[in-house]
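Okay, structure first, notes after.
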Amino acid sequence: MPNSTADHVNSPWTLAIRAAADQGRPRRAIALYLSSFRSGAAHRPCPFALAAVLKSVSRLPVHTVATAAASFHAHLLRLGLLAHPYPHAALAHLYSRDPVAARSLLDETPPARGRAPHSLLVSRNSLLASLLRSGDLPAARALFDQMPVRDVVSWNSMVAGLAKAGRLDRAIELFDQMPERNAASWNAVICGLIAHGHLTRAREMFEQMPVRSNISWITMISGYAKAGDVQAAAGLFERMENKNDLYAWNAMIACYAQNGCAREAIGVFNRMLKPHVCVLPNEKTFSSVTSACSQLGNLRFGLWVQSFMVSLGIELDDHLRTALVDLYTKSGQIDRAFDLFKGLSKRDVVSYSAMIVGCGMNGKLNEAIGLFNEMSDANILPNAVSFVGLLSAYNHAGLVEEARACFTSMSSKYKIRPSMEHYTIMVDLLGRSGKLDEAFQLIMQMPMQPRASVWGALLLSCRLHNNVELGEVIASKCFEQAPGESGYYILLGNIYASANKWDKVRRLRKTMKERCLSKMPGSSWVLAE
DNA sequence: CTAGGGTTAG
């Protein structure tokens with residue numbers, strides 16, 4: 001091993017340590033450094049190797065990071081290498097979760113004689129980012145103003161921080177003052193504009209910027225995705241020349257999956273796997289794809305996706321687990337869903353709601369209530385989806401009183417406005433238990449225009465309880481809302497048939513023929529006749 | 001050679 005002071009930068013130890021760090025093997029990088037140090041191979045350890053080691057420390061499990069950071073901090077001090085810009089920056093990055101720690105590191109590293117004013121620039125940029133992440137804009141601004149040297153990264157961080165905090169005017173003002181701009185500068189403003197609902201202005205800047213990076217495209221695509229503008233997102237995606245970017249595919253697949261275009265989501269997924277594209281999916285891709293399978297109820301494809309996932313060695317993170325919980329509960333495999341749910345590293349309102357909805361769908365009332373209470377005990381507030389699950393559990397069990405109480409407390413206690421879905425469940429439950437008038441009243445009280453399916457739930461109840469008069473009224477509402485849907489005609493026909501009103505059945509069939517509606521194969525129409 | 005701008009679940 002060479003141990004002359006000039007060679008140690010490119011010594012085999014340094015190369016091995018940096019290689020391990022680059023390959024994402026943090027424990028190996030750290031172990032290699034420790035053995036190089038103990039063996040005395042490097043009388044003066046290489047600062048670049050130390051920077052790589054500190055970077056590796058940041059990839060260790062969170063609880064071990066603080067202790068490791070402190071001991072390497074002391075180690076650097078002892079070696080007289082703390083003020084070296086590279087290990088210093090790596091250490092600053094390690095401390096950047098905690099702005100106080102990052103600040104004290106910089107305070108204890110005073111500007112030494114002969115050191116260039118920019119030598120700790122990267123560390124200061126880290127502290128700046130840390131302050132901005134913690135939301136301390138005044139402190140960030142103060143640091144920015146007193147920095148001896150600022151580069152484009154400092155400016156970008158400041159602009160991004162202001163923009164994300166909604167200080168768009170200040171962000172743009174600063175953006176205009178920048179001595180030099182790169183794609184990230186534009187992206188920072190665009191991202192802020194999108195976050196605060198100025199999608200059109202964001203698009204204008206996007207079209208105006210001189211050079212767009214992939215991040216620019218992806219930021220715009222996901223902006224349109226969140227606004228529900230699938231067309232605009234797809235248009236941009238097709239315009240992208242460099243589609244060799246997993247983030248772009250993930251953004252487009254998520255866009256479709258989140259906006260109810262499950263088939264298109266799977267189409268894009270298939271496209272990214274084609275040999276001429278061949279971008280390997282990750283756990284984020286699979287979260288969206290699993291959600292799409294679940295929306296389609298396509299369990300066969302879902303299972304294929306899962307085996308593909310296993311063959312790629314994809315780890316199940318909490319998002320992916322939650323998507324799988326949803327898929328499995330929809331296919332009635334509630335036990336597998338529960339196993340996945342139990343394996344979550346952290347339960348939140350989304351995962352709880354997925355499991356509660358799954359229990360509701362599968363008639364597991366006690367489990368649904370248990371999960372709801374457990375969630376409350378954990379101080380996680382329920383949301384609209386949690387109540388969809390709970391209400392459908394009560395619906396399944398036919399418990400009218402409990403459902404009514406639940407429906408009421410949703411708005412009074414939890415301040416959640418009932419959606420169409422909640423109303424549909426209540427109408428279905430009230431109707432099935434013979435409270436047809438109450439169900440009708442509830443629909444009339446709805447603050448939104450009832451969809452055909454809400455009336456349809458009540459029409460089904462009219463069929464169950466052979467109520468011709470109300471059935472006719474409800475059916476006309478269904479025809480109004482969904483003129484092309486023959487199912488409601490068939491349902492009304494069944495109501496007439498069960499009351500032996502055959503002339504009305506005949507007239508209805510004639511109307512259907514006139515309106516070019518055919519009866520569905522396998523309907524009970526034939527039996528009724 | 002670091003630091004800043006991007007993708008996931010009900």
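In what follows, chains carry the letters A, B, and so on, assigned in the order in which the sequence lines appear, proteins first and then strands, with residues in each chain numbered from 1.
Atom NE2 of H88(A) and atom P of dT2(B) are 17 Å apart (whole Å). As rounded to whole Å, 19 Å separates atom P of dG5(B) from atom CD1 of I221(A). In this structure, K330(A) atom NZ and dA9(B) atom C1' are separated by 12 Å, rounded to whole Å. Atom CE in M361(A) sits roughly 12 Å away from atom P in dG10(B) (whole-Å rounding). Here the P atom of nucleotide dA3(B) and the CG atom of L91(A) are 13 Å apart, to the nearest Å. Between W249(A) atom CH2 and dT7(B) atom C1' the separation is 14 Å, expressed in whole Å. The separation between M252(A) atom CE and dT7(B) atom P is 14 Å, rounded to whole Å. Nucleotide dG5(B) holds its P atom 15 Å from the CD1 atom of I190(A), rounded to whole Å.
Using a 4.0 Å heavy-atom distance criterion, V385(A) is classed as a base contact. Note on F286(A): nothing from the nucleic acid sits closer than 4.0 angstrom, heavy atoms only. Residue contacts shown for A183(A) include a base, since a base heavy atom lies under 4.0 Å away. Nucleic acid contact for K226(A): sugar-phosphate only, since backbone atoms but no base atoms lie under 4.0 Å from a heavy atom of the residue. When heavy atoms are screened at a 4.0 angstrom cut-off, A51(A) is found touching no nucleic acid atom at all. Residue-level contact check: R18(A) touches the bases, meaning some heavy atom is under 4.0 Å from a base atom. At a threshold of 4.0 angstrom between heavy atoms, the contacts of A89(A) include nucleobase atoms, whether or not backbone atoms are also involved. Residue contacts for Q258(A): at a heavy-atom cut-off of 4.0 Å it reaches the sugar-phosphate backbone alone, with no base atom in range. Within the nucleic acid shown, I215(A) comes within 4.0 Å of at least one base atom, counting heavy atoms only. If you check every strand for non-hydrogen atoms under 4.0 Å, S96(A) touches nothing.
The number of heavy-atom neighbours closer than 6.0 Å to CZ of R141(A), taken from other residues, nucleotides and ligands shown, is above 12.
Side chain N182(A) to base dG5(B): no donor-acceptor pair is found below 3.5 Å.
S58(A) and H93(A) share no side-chain donor-acceptor pair at under 3.5 Å. No donor-acceptor contact under 3.5 angstrom links the side chains of T322(A) and H319(A), judged on distance only.
Taking the charged nitrogens against the carboxylate oxygens, E204(A) and R201(A) have no contact shorter than 4.0 Å, which rules out a salt bridge.
You'll find the ring centres of F237(A) and W249(A) inside the 6.0 Å limit.
For D245(A), whose side chain is taken as the heavy atoms from C-beta onward, the closest listed nucleotide among dG5(B), dG6(B), dG10(B) is dG6(B).
Note on R133(A): a side-chain N or O is less than 4.0 Å away from OP1 or OP2 of dG4(B). OP1 or OP2 of dG6(B) has at least one side-chain nitrogen or oxygen of K164(A) nearer than 4.0 Å. For dG10(B), the OP1/OP2 oxygens have a side-chain nitrogen or oxygen of S291(A) closer than 4.0 Å. OP1 or OP2 of dA9(B) has not a single side-chain nitrogen or oxygen of S351(A) nearer than 4.0 Å.
The side-chain heavy atoms of R124(A) and S154(A), taken from C-beta on, include no pair separated by under 4.5 Å.
By the 5.5 Å and 30° criteria, Y86(A) is stacked with the base of dT2(B).
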